Undergrad: 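Shown below is the structure under consideration.
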There are 2 protein chains.
Amino acid sequence: MQLTSKGRYAVSAMVDLAKHQNTGPITLASISDRQFISLSYLEQLFRKLREANLVESVRGPGGGYTLAKEPSEISISLIMRAVNEEVQTTLCKDEDTGCHRGSRCETHNLWTALGFHIKFFLETVTIQDVCDDKNYIDTLKAVEKSLMQQ
Amino acid sequence: MQLTSKGRYAVSAMVDLAKHQNTGPITLASISDRQFISLSYLEQLFRKLREANLVESVRGPGGGYTLAKEPSEISISLIMRAVNEEVQTTLCKDEDTGCHRGSRCETHNLWTALGFHIKFFLETVTIQDVCDDKNYIDTLKAVEKSLMQQ
DNA sequence: GAAATACTTGACTATATCAGTCGGGTATAG
DNA sequence: CTATACCCGACTGATATAGTCAAGTATTTC
């Protein structure tokens, strides 16, 4: 069970963008250099990020990408979803009727709880937090708190 | 990003075993019937579970598998690790020196925090909890408590 | 307007892993 | 001795990741 590199790459690139965009649009080539991600692969990722309205592009010389929102408004979850890296802990198509072959499996609640856990965390942390190299203990506390109100 | 079925299958099979083993060893064939997992695939999984000392086998007629420990002593994490489904949120080989190409990446703390979060949850929940169809809020409280002590 | 820059797009590939199968084994109860 | 049920290695198809390649289009600058 491995959270793959695709989402990590996308987050790293977005953090890089947040840190450098104060001087105008940032080229993928420079992100590629700093983050050790191939240019072609970045192009693929940024196509999806643009389609998800997380970044804006400027073409031509002096062009590049900028964030479409404030860093504090972009959660890790948004980025992961944009590149099709949504976390999925269950395969149940229909949340209400059950898991497989019509009978709700005994482990359903376990995986749902884990899914909530991860989802809340990724929704709570933003690009801004990562830029600040925030200590995530506070975030985790907030996550637990919101979970307990379920 | 998907937590694959392998770990889910292993956990489902172990829970099934815990629920039925009071009448002696349980055959994989019966688990296969109840959990809709192919017999051959179960054999593959149980080989690993046995090598991890989570189950014991009895050969011959009337044989089958039993849990090697109390259900309350078997965490989900142990099962996941046994079938090579350890959760991995980072690819950093060396935790101390950094992430890639010698420089600690800016997202390191993010993924480490997420990994810790998941790991702790899976270590806290046991087969017994799943059998009881426990409400995992208590578990989350325990997670929060331990996090605050960090 | 030519040239350079940099994004845009579609198609392609190699590798790995998962999920599952198959064919043979070996131990043991009755 | 035979049926049961675990044991083991090898194999396969499908899928997804990670990454490449080749051709575009838009824009700025000289």
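In what follows, chains carry the letters A, B, and so on, assigned in the order in which the sequence lines appear, proteins first and then strands, with residues in each chain numbered from 1. Side-chain atoms are counted along with the backbone in the values below, which use heavy atoms only and exclude waters and symmetry mates. Because the structure is a prediction, the values reported are computed rather than measured.
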Undergrad: Roughly, in whole Å, what's the span from CD in A:Glu43 to P in D:dA23?
TA: 15 Å
Undergrad: Please tell me which of A:Leu28 and B:Gly60 maps to the more 5' nucleotide of DNA chain C, matching each residue to the nucleotide holding its nearest heavy atom.
TA: A:Leu28
Undergrad: Is the closest side-chain donor-acceptor distance between B:Arg8 and B:Ser12 under 3.5 Å?
TA: no
Undergrad: Taking for each residue the nucleotide of DNA chain C bearing the nearest heavy atom, is the 5' side occupied by A:Gly63 or by A:Arg50?
TA: A:Gly63
Undergrad: Calculate the interatomic distance between B:Tyr65 atom OH and D:dA5 atom C1'; express it in whole Å.
TA: 9 Å
Undergrad: What contact category does A:Arg47 fall into here, base, sugar-phosphate, or nothing, at under 4.0 angstrom with non-hydrogen atoms?
TA: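 Counting heavy atoms under 4.0 Å across all strands, the contact made by A:Arg47 includes a base.
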Undergrad: First locate atom CG of B:Leu45, then atom CE of B:Met14, and finally report the distance between them rounded to the nearest 0.5 Å.
TA: 11.0 Å
Undergrad: What's the CG-P distance between B:Leu45 and D:dC8, to the nearest Å?
TA: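 Answer to the nearest Å: 15 Å.
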Undergrad: Rounded off to whole Å, could you give me the CZ-to-C1' distance for the B:Phe36 and C:dG20 pair?
TA: 17 Å
Undergrad: Calculate the interatomic distance between A:Tyr41 atom OH and C:dC7 atom P; express it in whole Å.
TA: 18 Å
Undergrad: Strictly below 4.0 Å: does B:Ser5 bring a side-chain N or O up to OP1 or OP2 of C:dA19?
TA: yes
Undergrad: May I ask you to say what A:Ile26 touches in the nucleic acid, namely base, sugar-phosphate or nothing, with a heavy-atom cut-off under 4.0 Å?
TA: sugar-phosphate
Undergrad: Rounded off to whole Å, could you give me the CD-to-P distance for the B:Glu51 and D:dC6 pair?
TA: 16 Å
Undergrad: For B:Lys6 and C:dA19, is the shortest distance between a side-chain N/O and OP1 or OP2 below 4.0 Å?
TA: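 It does not, given that no N or O in the side chain of B:Lys6 lies less than 4.0 Å from OP1 or OP2 of C:dA19.
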Undergrad: Looking at side-chain heavy atoms only, is the closest gap between B:Thr66 and B:Val58 below 4.5 Å?
TA: no
Undergrad: Reckon A:Tyr9 has a side-chain N or O less than 4.0 Å from the OP1 or OP2 of D:dT17?
TA: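 Answer is no, no contact under 4.0 Å.
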Undergrad: B:Arg59 has an atom CZ; how far is it from atom P of C:dA27, in whole Å?
TA: 6 Å
Undergrad: Pick base, sugar-phosphate or nothing for B:Ser57, based on heavy-atom distances below 4.0 Å to the nucleic acid.
TA: sugar-phosphate
Undergrad: Pick base, sugar-phosphate or nothing for B:Phe46, based on heavy-atom distances below 4.0 Å to the nucleic acid.
TA: nothing
Undergrad: B:Leu42 versus B:Tyr65: any side-chain heavy-atom pair under 4.5 Å?
TA: no
Undergrad: Would you check if B:Ile76 and B:Val130 make a side-chain contact, meaning some heavy-atom pair closer than 4.5 Å?
TA: yes
Undergrad: Nearest whole Å is fine: how far is C:dT21 P from B:Gln44 CD?
TA: 11 Å
